[in-house]
A.B. asks: 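Here it is: the structure, laid out below.
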Amino acid sequence: MKLFTFFGTWVGSIILVVGFVLILTLLKRIFRKYWPKWLQVVDFLPPLLLLLTHILSLHGFGLTIAPFLILAWCLIGIASALMYAYRDGELIYAKFFKTIWKITDIYMIIWYLIILILLLF
């Protein structure tokens, strides 16, 4: 339980994210030959950032914003699917999922940084 409390602080969450990125970067370098070219380290961050955003908002504000983040993320996915279907006349899954995952990377990083900034001030 103390570990959960430590990651509920902004320092603990930053340490966890930096450590996670460093470990993945090291694994990417070690397995350079087998690591897919299209897979980046940042692609592993959204689940961790969603969890940390949940923990930080719960500890800092007394309520979690994770359900609202997930709802907005789903709405972004629906809007993206409708955009592709309207523009191209069909939905190509590979193109859609690659786009939505890149949007998710940016979306989760922005919300994690917003929660960190709100906790600092």
Side-chain angles (χ1 to χ4, degrees):
M1 204 57 164
K2 290 184 181 183
L3 191 63
F4 182 75
T5 306
F6 176 69
F7 292 128
T9 64
W10 64 274
V11 175
S13 67
I14 290 175
I15 289 172
L16 182 64
V17 170
V18 169
F20 187 73
V21 169
L22 288 176
I23 289 171
L24 283 176
T25 304
L26 180 66
L27 286 174
K28 185 177 179 179
R29 286 185 184 209
I30 290 172
F31 298 110
R32 183 177 318 144
K33 184 187 263 187
Y34 306 107
W35 192 276
K37 298 274 187 221
W38 51 269
L39 188 60
Q40 302 297 319
V41 172
V42 74
D43 292 334
F44 291 98
L45 284 179
L48 176 67
L49 293 180
L50 179 64
L51 178 68
L52 287 175
T53 302
H54 164 69
I55 293 170
L56 286 172
S57 64
L58 194 59
H59 279 273
F61 309 123
L63 66 135
T64 181
I65 64 164
F68 303 108
L69 290 178
I70 293 171
L71 178 65
W73 180 53
C74 291
L75 292 175
I76 291 170
I78 291 169
S80 177
L82 290 174
M83 180 197 67
Y84 273 121
Y86 178 74
R87 188 184 71 189
D88 299 339
E90 63 183 350
L91 185 62
I92 301 169
Y93 287 120
K95 190 175 181 182
F96 167 73
F97 284 122
K98 185 175 181 181
T99 301
I100 197 67
W101 196 252
K102 294 301 178 185
I103 290 171
T104 302
D105 291 340
I106 296 167
Y107 175 73
M108 289 299 171
I109 290 170
I110 288 172
W111 273 106
Y112 175 72
L113 292 175
I114 287 172
I115 293 297
L116 278 179
I117 290 169
L118 287 176
L119 283 176
L120 289 174
F121 298 109

A.B. asks: Return yes if some donor-acceptor pair links the side-chain N/O of Y112 with the main-chain N/O of L48 below 3.5 Å, else return no.
C.D. replies: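 Judged by distance alone, no pair lies under 3.5 Å.
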A.B. asks: How long is the gap from CZ on F31 to CG on L26, to the nearest 0.5 Å?
C.D. replies: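 Going from CZ on F31 over to CG on L26, the span is 9.0 Å.
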A.B. asks: Could you give the distance from NE2 (H54) to CG (L63), rounded to the nearest 0.5 Å?
C.D. replies: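 Result: 10.5 Å between the selected atoms.
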A.B. asks: Under a single-linkage definition using a 4.5 Å side-chain heavy-atom cutoff for Ile, Leu, Val, Met, Phe, Trp and Tyr, are V18 and I110 assigned to the same hydrophobic cluster?
C.D. replies: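 Yes; I110 is reachable from V18 via cluster members.
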A.B. asks: Please list every donor-acceptor pair under 3.5 Å in which a side-chain atom of residues 92-106 meets a protein atom from a residue at least two apart or in another chain.
C.D. replies:
| residue | atom | partner | partner atom | Å |
| --- | --- | --- | --- | --- |
| T99 | OG1 | Y84 | OH | 2.7 |
| T99 | OG1 | K95 | O | 2.9 |
| W101 | NE1 | D43 | O | 3.0 |
| K102 | NZ | D43 | OD1 | 3.1 |
| K102 | NZ | D43 | OD2 | 3.3 |
| T104 | OG1 | W73 | NE1 | 2.5 |
| T104 | OG1 | I100 | O | 2.6 |

A.B. asks: For F61, I'd like to know if atom CZ has over 12 heavy atoms of other residues, nucleotides or ligands within 6.0 Å.
C.D. replies: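 Yes, because the 6.0 Å sphere around CZ of F61 holds more than 12 heavy atoms from other groups.
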A.B. asks: Nearest 0.5 Å please: distance from the CD1 atom of I30 over to the OG1 atom of T25.
C.D. replies: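 Between I30 CD1 and T25 OG1, I get 11.0 Å after rounding to 0.5 Å.
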A.B. asks: For a quick test of reading the model, state the closest non-hydrogen atom pair linking L39 to F44 and the distance between them.
C.D. replies: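 For L39 and F44, the tightest heavy-atom pair comes out as CD2-CZ, 3.7 Å.
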A.B. asks: Working to the nearest 0.5 angstrom, can you tell me the gap between C74 SG and I70 CD1?
C.D. replies: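 Result: 7.5 Å between the selected atoms.
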A.B. asks: Just checking R87: does its CZ atom have more than 12 heavy atoms from other residues, nucleotides or ligands closer to it than 6.0 angstrom?
C.D. replies: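 Yes, enclosed.
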A.B. asks: Would you say W10 and I15 are hydrophobically clustered, going by side-chain heavy atoms of ILVMFWY under 4.5 Å?
C.D. replies: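 Linked, W10 and I15 end up in one cluster.
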A.B. asks: Are any of the side-chain heavy atoms of L49 and F20 separated by less than 4.5 Å?
C.D. replies: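 Sidechains of F20 and L49: no contact.
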A.B. asks: Strictly by salt bridge (Lys or Arg N to Asp or Glu O under 4.0 Å), give each pair with a member in residues 112-121 just once, sequence neighbours left out.
C.D. replies: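 Those involving residues 112-121 do not exist here.
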A.B. asks: Tell me whether L75 is reachable from L82 by hopping between hydrophobic residues (I, L, V, M, F, W, Y) whose side-chain heavy atoms are closer than 4.5 Å.
C.D. replies: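 Each belongs to a different hydrophobic cluster.
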A.B. asks: What distance separates M108 CE from L113 CG, expressed to the nearest 0.5 Å?
C.D. replies: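 Between atom CE of M108 and atom CG of L113 there are 13.0 Å.
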A.B. asks: Throw together a table of side-chain donor-acceptor distances under 3.5 angstrom for residues 114-121, partners on residues two or more places apart or in other chains.
C.D. replies:
none

A.B. asks: Could you note down all residue pairs passing salt bridge (Lys or Arg N to Asp or Glu O under 4.0 Å) where residues 109-121 supplies at least one of them, sequence neighbours left out?
C.D. replies: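 As it turns out, there is no salt bridge (Lys or Arg N to Asp or Glu O under 4.0 Å) pair with a partner in residues 109-121 once direct neighbours are skipped.
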A.B. asks: I need the L58 CG to I55 CD1 distance, nearest 0.5 Å.
C.D. replies: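 Rounded to the nearest 0.5 Å, the CG-CD1 separation comes to 8.5 Å.
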A.B. asks: Filter on salt bridge (Lys or Arg N to Asp or Glu O under 4.0 Å), then keep only pairs touching residues 6-19, sequence neighbours left out; what's left?
C.D. replies: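 For residues 6-19, and leaving out neighbouring residues, there are no salt bridge (Lys or Arg N to Asp or Glu O under 4.0 Å) pairs at all.
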A.B. asks: Are I78 and M83 linked, directly or through intermediate hydrophobic residues, by side-chain heavy-atom contacts shorter than 4.5 Å (ILVMFWY only)?
C.D. replies: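 No, M83 and I78 fall in different hydrophobic clusters.
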A.B. asks: Quick one: do I65 and W111 satisfy side chain to side chain contact (heavy atoms under 4.5 Å, CB included)? Show the steps, please.
C.D. replies: CA-CA 10 Å; I65 64 164; W111 273 106; 4.1 Å; yes
A.B. asks: Taking salt bridge (Lys or Arg N to Asp or Glu O under 4.0 Å) as the cut-off, I'd like each qualifying pair that reaches into residues 12-31, sequence neighbours left out, listed once.
C.D. replies: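 Every pair satisfying salt bridge (Lys or Arg N to Asp or Glu O under 4.0 Å) with a residue in residues 12-31: there are none.
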